[in-house]
Structures are given as C-alpha cells and as structure tokens.
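The structure appears below as structure tokens.
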Amino acid sequence: MTWSISSCFITLVVLFLWRVEDVAEACSCSPAHPQQAFCNADAVIRAKVVGKKVVEAGNDVYGNTIKRIKYDIKQIKMFKGPDRDIDAIFTAPSSAVCGVTLETNGNKEYLFTGKLETDGTMHVTLCDFIESWEAMSATQKKSLTQRYESGCKCKIIRCTSIPCTISAPEECLWTDWVMEKSHSGPQAQHFACINRSDGSCAWYRGIAPPKKEFLDIEDP
C-alpha cells in the first residue's frame, strides 16, 4: 500500500510538472489596436505567401537545433521598413510558441506587421497584427500610408472593464472590448488616434484627412 501511494504521488508530480511546462510554453500577448501594431513594428508590408519550409536557425543554450518556419512571399507594397523588398518571413514552428499559420497558395493577400532581426530577416508572431487584406476596412488600408504614422507619439489605452479612464492628454481610450466584446470593433476598424497641435491626442474617424480645426486646438 505504501508503494502504491508513493507511485501515485510521483505520477501526480510528473503530471503537474508536465502541465506547468505546457502552460509555460503557451503563447500569450495583449491585443493591440492596428495603429499600435503599425507603430511598434519594424516592417509593415502587403504580400502574398507562395511557399513554406522548415529551416534551422542555430542552436539553443542546450545545443538543441532551433527550428523556424520560413514563408516565401511576394511583396506587393511596403508601408514601413527597409529600402528593399522582403522576400521571406520567419515564424516559430507552432502556435504554442506564437508561430503563425498562413495559406501558401499565393491567392490570399495579407497585411503583415513584424520585427526585423539583426540579420535583416523579418519575424512575425501571433502577437503581431496579421490580417487578410480583403478583411481590412477602407479606413485601415488608407491609414497605413500616413494616418497611423502621424499618431505614433500617441498612446492607445485598452479598456478591459468599466470604469476605465485616460491619465494623460496624449492618450486615447480603446473601448472595443467592453462595448463590442471584440478587438475588431469600430475603433479598430474605423478610427486612428492622432496628434493635435497642442500635443494632445484624439480619435479621428474616416478616410479623409483631418480638417484644420480638428488639429488646431487652442485653450479657451
């Protein structure tokens, strides 16, 4: 009986440690407004994926081979990034470590935001803003060329529960989650948080450039 209890205890410990490791490897990140994703990215491109293969990317501290997925892409337009075309993007091999799964038949266009590694390669994760070009709103597409960049000094605060407030004039309150239970609500689809002339920031909706009265704010 003593041996049986010990065995059960050891089994439970092993299962517990396995679950801890499993949880530790899970991908977790806070959702970002498309403008935040644009501003935080090193590169933002529109592209089609035309190929996929597993590649080696060196070794970890234990000497194990690090695997990466390499997606060959055909760049259509670069909105932010280096002065050259990007012909491939890299990601982790599974979603558990934030790897991205993409269609590779070359028919679907994507918007990619991601980081540039020291060797110049582009790396993307589930935490980046990656969206089908077709699914993006007209405002999001237009904002990629100037609107988002003009608001990169602003700070978008994600509201997760009521009440929530801003604490500085350069902040915009993002309420899609509490209002729509979605991070792809009206503010993500149709608004940008942009700088005014007095240094404050405010939400602006629409495709047309902001009117001068909106930007030129004066104290009464």
Walk me through it: do Val49 and Glu103 pass the test side chain to side chain contact (heavy atoms under 4.5 Å, CB included)? CA-CA 7 Å; Val49 182; Glu103 294 183 20; over 6 Å; no
Might you point out which heavy atoms bring Phe129 and Ala37 nearest each other, and give the distance in Å? CB-CB, 3.3 Å
Is the shortest side-chain heavy-atom distance between Phe90 and Glu117 below 4.5 Å? no
Where Thr91 and Gly99 come nearest, the two heavy atoms and their spacing: OG1-CA, 3.3 Å
Is Met136 reachable from Leu126 through a run of hydrophobic residues whose side-chain heavy atoms are each under 4.5 Å from the next? no
Minimal non-hydrogen separation, Met122 against Ala43, with atom names: CE-O, 3.7 Å
Rounded to the nearest 0.5 Å, what's the gap from SG on Cys172 to NE2 on His33? Could you check? 8.5 Å
Could you tell me which non-hydrogen atom of Lys80 sits nearest to which non-hydrogen atom of Cys39, and how far apart they are? NZ-O, 3.0 Å
CZ on Phe191 to OH on Tyr204, rounded to 0.5 Å: 10.5 Å
Within the 4.5 Å heavy-atom criterion, are Tyr148 and Phe79 side-chain neighbours or not? no
Non-hydrogen side-chain atoms of Gln35 and Ser143 separated by less than 4.5 Å: no
So, using salt bridge (Lys or Arg N to Asp or Glu O under 4.0 Å) as the criterion, who are the partners of Glu109 when residues are at least two apart? Arg46
Strictly by modelled atom types, are Thr175 and Gln187 linked by a side-chain donor-acceptor pair under 3.5 Å? yes
Quick one: do Ile166 and Ile162 end up in the same hydrophobic cluster if we chain Ile, Leu, Val, Met, Phe, Trp and Tyr together by side-chain heavy atoms under 4.5 Å apart? no
When you take the SG atom of each Cys, Cys98 and Cys127, is the space between them under 2.5 Å? no
Hydrophobic cluster identity match, Ile69 and Phe112, side-chain contacts under 4.5 Å: yes
Sequence neighbours excluded, every pair satisfying salt bridge (charged side-chain N to carboxylate O under 4.0 Å, His left out) that has a member inside residues 52-65: Glu56-Lys67
State, yes or no, whether a side-chain contact exists between Thr125 and Cys27 at a heavy-atom distance under 4.5 Å. no
Is there a path of hydrophobic side-chain contacts, each under 4.5 Å between heavy atoms of I, L, V, M, F, W or Y residues, that connects Val54 with Ile66? no
Any side-chain to backbone donor/acceptor pair from Trp203 onto Leu173? Under 3.5 Å, distance only. yes
For the CD atom on Gln189, are there more than 12 heavy atoms of other groups (residues, nucleotides or ligands in this structure) within a distance under 6.0 Å? yes
Side-chain (Glu170) to main-chain (Gly199) donor-acceptor, under 3.5 angstrom: no
Would you confirm whether Gln75, through its side chain, and Ile86, through its main-chain N or O, come within 3.5 Å as a donor-acceptor pair? yes
Within the 4.5 Å heavy-atom criterion, are Leu144 and Phe38 side-chain neighbours or not? yes
Can you establish whether the number of heavy atoms outside Asp119 located under 6.0 Å from its atom CG is more than 12? yes
Using the side chain to side chain contact (heavy atoms under 4.5 Å, CB included) rule, take Ile45 and Ile73 through it: C-alpha gap first, then chi angles, then the decisive distance, then the call. CA-CA 10 Å; Ile45 60 174; Ile73 64 171; 3.5 Å; yes
Working for side chain to side chain contact (heavy atoms under 4.5 Å, CB included), residues Ile194 and Arg147: CA-CA 7 Å; Ile194 62 175; Arg147 190 75 49 75; 3.7 Å; yes
Report yes or no: do Val44 and Ile130 belong to one cluster of Ile/Leu/Val/Met/Phe/Trp/Tyr joined by side chain heavy-atom distances under 4.5 Å? no
Flag yes if more than 12 heavy atoms outside Lys141 fall under 6.0 Å of its NZ atom; otherwise flag no. yes
Heavy-atom closest pair (Asp72 atom, Ala88 atom, distance to 0.1 Å) is OD1-CB, 4.2 Å
Side chains of Met78 and Asp85 in contact at under 4.5 Å (non-hydrogen atoms): no
Set out, in order, the CA-CA distance, both residues' side-chain angles and the distance that settles disulfide bond (SG atoms under 2.5 Å apart) for Cys159 and Cys164, then state yes or no. CA-CA 6 Å; Cys159 179; Cys164 53; 1.9 Å; yes
Closest heavy-atom contact between Glu180 and Pro186? CG-CD, 3.6 Å
Are side-chain heavy atoms of Ser95 and Thr101 found at a separation under 4.5 Å? no
Would you call Leu102 and Val124 a side-chain contact if the rule is heavy atoms closer than 4.5 Å? no
Cysteine SG atoms at Cys201 and Cys193 closer than 2.5 Å: no
Under the criterion side chain to side chain contact (heavy atoms under 4.5 Å, CB included), I'd like the reasoning laid out for Asn195 against Cys154: C-alpha separation, chi angles, the key distance, then a yes or no. CA-CA 7 Å; Asn195 279 112; Cys154 299; 3.7 Å; yes
Is it true that, when you exclude Lys115 itself, more than 12 heavy atoms of the residues, nucleotides or ligands shown sit nearer than 6.0 Å to its NZ? yes
